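To keep things clear, I will list the structure first and then write my remarks on it.
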Protein chains: 2
Amino acid sequence: MSRQAPKDSHSTPTASRAVTARLVRNILEGVYGAGSRLPTERELAEQFNVSRHVVREALKRLEALGLVRIVQGSGVYAQDVLLTGGLELFEYLLFGERNDVNQRILDEFLAFWALFVPDVLRLAARHRTREQVQDLREALRERAAALEDLPCLTQVHLRMLRTVAQAAHNTVYQLIFNNAGRVMARLRAAVPLARFSPIITQEELAHLVAAIEQQDEELAALLAQRLTERARASVASFVQFLLQSGSELLTPAHEG
Amino acid sequence: MSRQAPKDSHSTPTASRAVTARLVRNILEGVYGAGSRLPTERELAEQFNVSRHVVREALKRLEALGLVRIVQGSGVYAQDVLLTGGLELFEYLLFGERNDVNQRILDEFLAFWALFVPDVLRLAARHRTREQVQDLREALRERAAALEDLPCLTQVHLRMLRTVAQAAHNTVYQLIFNNAGRVMARLRAAVPLARFSPIITQEELAHLVAAIEQQDEELAALLAQRLTERARASVASFVQFLLQSGSELLTPAHEG
DNA sequence: AACGGTATATTGGTACAACCATCGCGCGGC
DNA sequence: GCCGCGCGATGGTTGTACCAATATACCGTT
């Protein structure tokens, strides 16, 4: 029988993945200038003390990420991330090597989020099915039960948003949500945000769900805008607090 | 001397890339069900008549794209694209094997575009520098010169949008634009859209640039919304025409 | 009969070695 | 001065062997 269900086992740390991570950081931090040629595969292999195959597999991953261009007979060339990179790279840009957070990029992400979520809500209100409204109602009840358990609450929030993204019936937004949601999850995991609890009330969310049910696009978008703006302000003040307390979680914007 | 400037030479078609493409399509078309295990590396190697290393490199690329999860000792497992995939996969979803276009996904993309562009314009109006306004003015002049040359005009449009994305000073939107812009370029290359010419007038764009210069967020967003909605309607009617003429460029939404 | 641990087969990970295909640059001929 | 050939550098492919993690089957214990 064909094996099924690979569980959620963590990825085994392999040499290949380690080299990949090193190279990604090197590119993102400009060790290899945009457009310039990387060392040859053989040189990298020697440098990292691994076989050439390991380096090659790592480079293939970078190629798939759009970080390098590989051309036979010539070499491997670093790409300009901001000019050719895709959204999948954002996670790498926001989080540093030791899971620290780049402050400027964080601001930009929150600005994006504040525009993105209302758009999704608009589409969700337009295209939602009755089933999805039911799903949201159920998620709302789950939230009520989990109101005291912060980590769990975050999970519930993200699942609600996923449902909304599905209700939007738009592949693009769903994919963007997959990217952004991963970032969100990592953010809340990385930051001890115990002081975030009472930002959003159960009534507000119920109001929002009702707007979706009645397909009131404008109202749904407006409510979402208010909530995201408030969350944004809250995170900003929290960041302020972190900076004053000298936390190492945040790295100032170091530009090139 | 270290070699520089790798030119724009097209990627050499290699066995590794071919296998990658095959596997990507297989996953996206559900040949391997979401969550199920793919054939072993050795089996795939035999199946495609290549060495195991080639298969491995292809699989690394899929892994980087988020299409599969690889776990040593167990196997390679297909992921559910809509649940875990990132925006970089959209291009693969929209375009089929022979550069045909999935109609439903196209609709969704246009809906996204109509919401995305105004958001970017809003941020651009908020954060633009004087230099970037100058860049836009210059691009506008270039556009005037290229008004008759349709392919060239498309290029100019995308470059203007890139400038706007940069003016937004937001990494997220810039990365999303990189994804979406690639799709846009491919769309216009794939579709013979000679009848698209007179959609947007020079005056309208000038108006938009002025709004950016004066940092009138609402006006910029509003104008952008009008333009994108018009473009959307135009494309829709064009698709209608294609369907009636029995073009093979479009594939009806074939769902699973 | 139910449970747990060990042996074994399966499968991905790494290594070394050799050779092919393509590209770029320089040398030499025209 | 320009063109073309060829050589060296570099990525692409193959083969084999072995290592490491995982999954399964088997067997003994309880």
Side-chain angles (χ1 to χ4, degrees), chain A residues 1-23 27 32 35-79, chain B residues 1-23 27 32 35-79:
Chain A
M1 293 298 97
S2 65
R3 265 178 261 191
Q4 285 285 103
K7 299 180 178 180
D8 48 36
S9 63
H10 319 92
S11 295
T12 307
T14 71
S16 165
R17 289 192 228 268
V19 171
T20 303
R22 277 290 293 279
L23 289 176
I27 301 252
Y32 315 121
S36 72
R37 208 190 66 172
L38 274 63
T40 69
E41 295 179 347
R42 290 164 173 93
E43 285 171 346
L44 288 172
E46 187 182 11
Q47 179 178 332
F48 292 132
N49 268 306
V50 293
S51 97
R52 199 178 145 213
H53 287 303
V54 173
V55 172
R56 282 179 58 81
E57 292 180 5
L59 287 175
K60 300 309 177 197
R61 278 188 269 236
L62 294 211
E63 185 192 37
L65 286 174
L67 282 174
V68 299
R69 239 187 37 183
I70 305 178
V71 19
Q72 179 179 169
S74 177
V76 181
Y77 297 88
Q79 297 276 67
Chain B
M1 293 290 99
S2 64
R3 261 179 262 191
Q4 286 285 102
K7 299 182 179 179
D8 49 34
S9 63
H10 317 93
S11 296
T12 308
T14 70
S16 166
R17 288 192 229 269
V19 171
T20 303
R22 278 289 293 278
L23 289 175
I27 301 249
Y32 315 122
S36 71
R37 209 190 67 172
L38 274 63
T40 68
E41 295 178 348
R42 292 168 173 91
E43 285 172 347
L44 288 172
E46 188 182 8
Q47 181 178 331
F48 292 134
N49 270 306
V50 292
S51 91
R52 198 178 144 216
H53 289 303
V54 172
V55 172
R56 283 178 58 80
E57 291 179 6
L59 288 175
K60 300 310 177 197
R61 277 189 270 236
L62 294 211
E63 186 191 35
L65 287 174
L67 282 175
V68 299
R69 235 183 33 160
I70 305 177
V71 21
Q72 179 179 171
S74 177
V76 181
Y77 298 86
Q79 297 275 67

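Bear in mind the structure is a predicted one, so any value in this text is a computation, not a measurement. Numbered from 1 within each chain, the chains take letters A, B, ... in sequence-line order.
If you check D:dT13, C:dG12, D:dG11 against the side chain of A:Arg42, the one that comes closest is D:dG11. Taking every side-chain heavy atom of A:Glu41 into account, D:dG11 is the closest of D:dT22, D:dG11, C:dG12.
Taking the side chain to side chain contact (heavy atoms under 4.5 Å, CB included) definition, one finds that A:Gln47 meets it with A:Leu44, sequence neighbours left out. Residues passing the side chain to side chain contact (heavy atoms under 4.5 Å, CB included) test with A:Glu46, sequence neighbours excluded: none. For B:Gln79, there are no side chain to side chain donor-acceptor pair (under 3.5 Å) partners two or more places apart in sequence or in a different chain. Scanning for salt bridge (charged side-chain N to carboxylate O under 4.0 Å, His left out) contacts around A:Arg52 gives A:Glu41, with sequence neighbours left out.
As rounded to whole Å, 16 Å separates atom C1' of C:dT10 from atom CG of B:Leu38. Between B:Gln72 atom CD and D:dA21 atom C1' the separation is 5 Å, expressed in whole Å.
Remark: B:Lys60 is in phosphate contact with C:dG13, judged by side-chain N or O atoms under 4.0 Å from OP1 or OP2.
The stretch residues 43-59 of chain A comes close to DNA chain D through A:Arg52, A:His53, A:Arg56, each having a heavy atom under 4.0 Å from the strand.
Applying the side chain to side chain contact (heavy atoms under 4.5 Å, CB included) test between A:Leu62 and each of A:Val19, A:Ile70, A:Leu67 identifies A:Leu67 as the sole match.
Distance alone, capped at 3.5 Å, is enough to place a donor-acceptor pair between the A:Arg17 side chain and the A:Thr12 backbone.
If B:Thr12 and A:Pro13 are placed on DNA chain C by their nearest nucleotide, the residue sitting closer to the 5' end is A:Pro13.
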